[in-house]
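Only one structure is covered here, and it is reproduced in the block below.
Just so it is clear: chains get the letters A, B, ... in the order the sequence lines come, proteins before strands, and each one is counted from 1.
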Protein chains: 2
Amino acid sequence: MTRSPIDIDRLFHALGDPTRRAILDLLNHGPTSVTRLAGPLGITVTAVAQHLLILEDCDLVRTEKIGRVRTCRIEPSGFAVLEKWIKAHRSHWESALDRLGDALAEDEGLG
Amino acid sequence: MTRSPIDIDRLFHALGDPTRRAILDLLNHGPTSVTRLAGPLGITVTAVAQHLLILEDCDLVRTEKIGRVRTCRIEPSGFAVLEKWIKAHRSHWESALDRLGDALAEDEGLG
DNA sequence: ACGACACTGAAGTAGTTGCTTCACTATGTC
DNA sequence: GACATAGTGAAGCAACTACTTCAGTGTCGT
């Protein structure tokens with residue numbers, strides 16, 4: 001339904017930050033709380049909460065607050081969008097490889 | 001280990017900008033010059049050159065200056081790094097799907 | 001040689017980002 | 001009820017980003 005470029009824009013932007021990828025790595029070991037994320041990352045819970053908003057916004061993470069604890073976990077649908085983008089572009093850079101081969105065969109003639 | 005090198009950091013950051021992805025889209029139609037990129041993008045050649053430095057830095061684009069014209073083309077190796085990162089992380093969010101399916105089923109659209 | 005062309009380098013700027021601190025609410029425990 | 005715990009909201013700040021303009025440098029056509 002959402003095939004706008006804004007989707008992939010937010011997705012790449014979210015993944016472009018090392019702290020956010022570190023959060024994803026931590027969540028790969030299983031769901032955990034905001035405070036338990038902040039510890040190993042060496043930043044405040046406020047900072048983690050801000051990152052989580054961004055990660056949730058592009059469906060890389062899903063969070064659910066039960067009582068006073070917000071439990072965070074990996075949300076696969078965001079990654080699916082990423083894979084879709086790559087799949088859509090793979091043919092192009094594969095053909096770039098072919099073109100390189102052609103260029104090597106014909107050597108020159110570009111302008 | 002899946003400890004992210006600086007490589008993937010620059011890669012995601014490069015792809016996080018819509019103008020840079022637009023440059024890649026233009027280059028998908030074949031190699032072209034800096035000036036010919038600047039036109040459809042509606043920005044100055046200086047801005048394009050700055051983007052190209054970033055794209056070259058993470059091997060998404062390769063450029064070659066012949067005479068006074070710098071010819072830019074898709075460089076597949078950067079995309080290969082991206083695919084490698086995804087391949088390394090896919091199992092994690094697939095197991096997240098399993099965990100989710102085991103826990104409960106909220107309605108969420110996944111194509 | 002001269003001017004048009006393609007690009008480069010430096011410097012500046014408005015807007016964004018990642019993080020902080022402080023004050024606050026809501027929940028669990030005694 | 002009192003206190004600690006878990007997280008939220010607002011405001012502020014230093015660093016960064018994407019662009020610009022202006023002044024070059026090198027190259028091509030005539």
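Side-chain atoms of A:H51 lie closest to C:dG18 of the nucleotides C:dC7, C:dG18, D:dT20. For A:A47, counting side-chain heavy atoms from C-beta on, the closest listed nucleotide (D:dC19, C:dA6, C:dC19) is C:dC19. Among C:dG18, D:dG7, C:dC7, the nucleotide with an atom closest to any side-chain atom of B:R70 is C:dC7.
If you take CZ of A:R36 and C1' of D:dA6, they are 12 Å apart, rounded to a whole angstrom. Atom CD in B:E64 sits roughly 13 Å away from atom P in C:dT8 (whole-Å rounding). Rounded to a whole Å, the CG atom of A:L55 is 13 Å from the C1' atom of C:dG18. Remark: C1' of C:dC7 and CD of B:E56 are 13 Å apart, rounded to the nearest angstrom. Distance, B:I43 CD1 to C:dA6 C1': 16 Å, rounded to whole Å. For the pair A:D9 CG and D:dA18 C1', the computed distance is 13 Å after rounding to whole Å. In this structure, B:L41 atom CG and D:dT20 atom P are separated by 10 Å, rounded to whole Å. One interatomic measurement links the two molecules: CG of B:L52 to C1' of C:dG9, which rounds to 16 Å at whole-angstrom precision.
Under the side-chain contact (heavy atoms from CB on, under 4.5 Å) criterion, A:A22 pairs with A:L41, sequence neighbours left out. A search for ring-ring contact (aromatic ring centres under 6.0 Å, His included) contacts involving A:H89 returns A:W85, not counting sequence neighbours.
Contact between the side-chain N/O atoms of B:S33 and the OP1/OP2 oxygens of C:dA6 is not found at any separation under 4.0 Å. Within the structure, every side-chain polar atom (N or O) of A:H13 is placed at least 4.0 Å from both OP1 and OP2 of C:dT16. For the OP1/OP2 pair of C:dC19 and a distance below 4.0 Å, the side-chain nitrogens and oxygens of A:T19 include at least one atom meeting the criterion. For the pair B:R20 and D:dA18, the criterion of a side-chain N or O lying under 4.0 Å from OP1 or OP2 is met.
Transitive grouping of hydrophobic side chains (ILVMFWY, heavy atoms separated by less than 4.5 Å) keeps A:V69 and A:I74 in distinct clusters. Both A:I8 and B:L26 belong to a single network of hydrophobic side chains, linked directly or stepwise wherever heavy atoms of I, L, V, M, F, W or Y lie under 4.5 Å apart.
Note that the CG atom of B:D17 and the CG atom of B:L24 stand 10.0 Å from one another [nearest 0.5 Å]. Atom CG of A:D7 is separated from atom NZ of A:K84 by 8.5 Å, given to the nearest 0.5 angstrom.
The 5' end of DNA chain C is approached more closely, in terms of each residue's nearest nucleotide, by B:A49 than by the other of B:A49 and A:G42. For the pair A:Q50 and A:K65, both in contact range of DNA chain D, the more 5′-proximal nearest nucleotide belongs to A:K65.
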Please tabulate, for side-chain N and O atoms in residues 76-83 of chain B, each donor-acceptor pair with protein atoms closer than 3.5 Å (sequence neighbours left out).
| residue | atom | partner | partner atom | Å |
| --- | --- | --- | --- | --- |
| B:S77 | OG | B:E75 | OE2 | 3.1 |
| B:E83 | OE2 | A:R90 | NE | 2.5 |
| B:E83 | OE2 | A:R90 | NH2 | 2.5 |

Throw together a table of side-chain donor-acceptor distances under 3.5 angstrom for residues 48-60 of chain B, partners on residues two or more places apart or in other chains.
| residue | atom | partner | partner atom | Å |
| --- | --- | --- | --- | --- |
| B:H51 | ND1 | B:R20 | NH1 | 3.2 |
| B:E56 | OE1 | B:T63 | OG1 | 3.1 |
| B:E56 | OE2 | B:T63 | N | 3.4 |
| B:E56 | OE2 | B:T63 | OG1 | 3.1 |
| B:D57 | OD2 | B:R10 | NH1 | 3.2 |

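When all heavy atoms of A:C72 and A:V61 are compared, the closest pair comes out as CB-CG1, 4.3 Å.
Using a distance-only test at 3.5 Å, with no hydrogens or angles considered, no donor-acceptor pair links the side chain of A:R62 to the main chain of A:R73.
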Give the B/S/- string for nucleotides 23-30 of chain D, one per nucleotide from 5' to 3', where a protein heavy atom under 4.0 Å of the base yields B, of only the sugar-phosphate yields S, and otherwise -.
---BBS--
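Where the helix from C:dA1-D:dT30 to C:dC30-D:dG1 starts and where it ends, the local axes point in directions that differ by 30°; five pairs per end, rounded to 10°.
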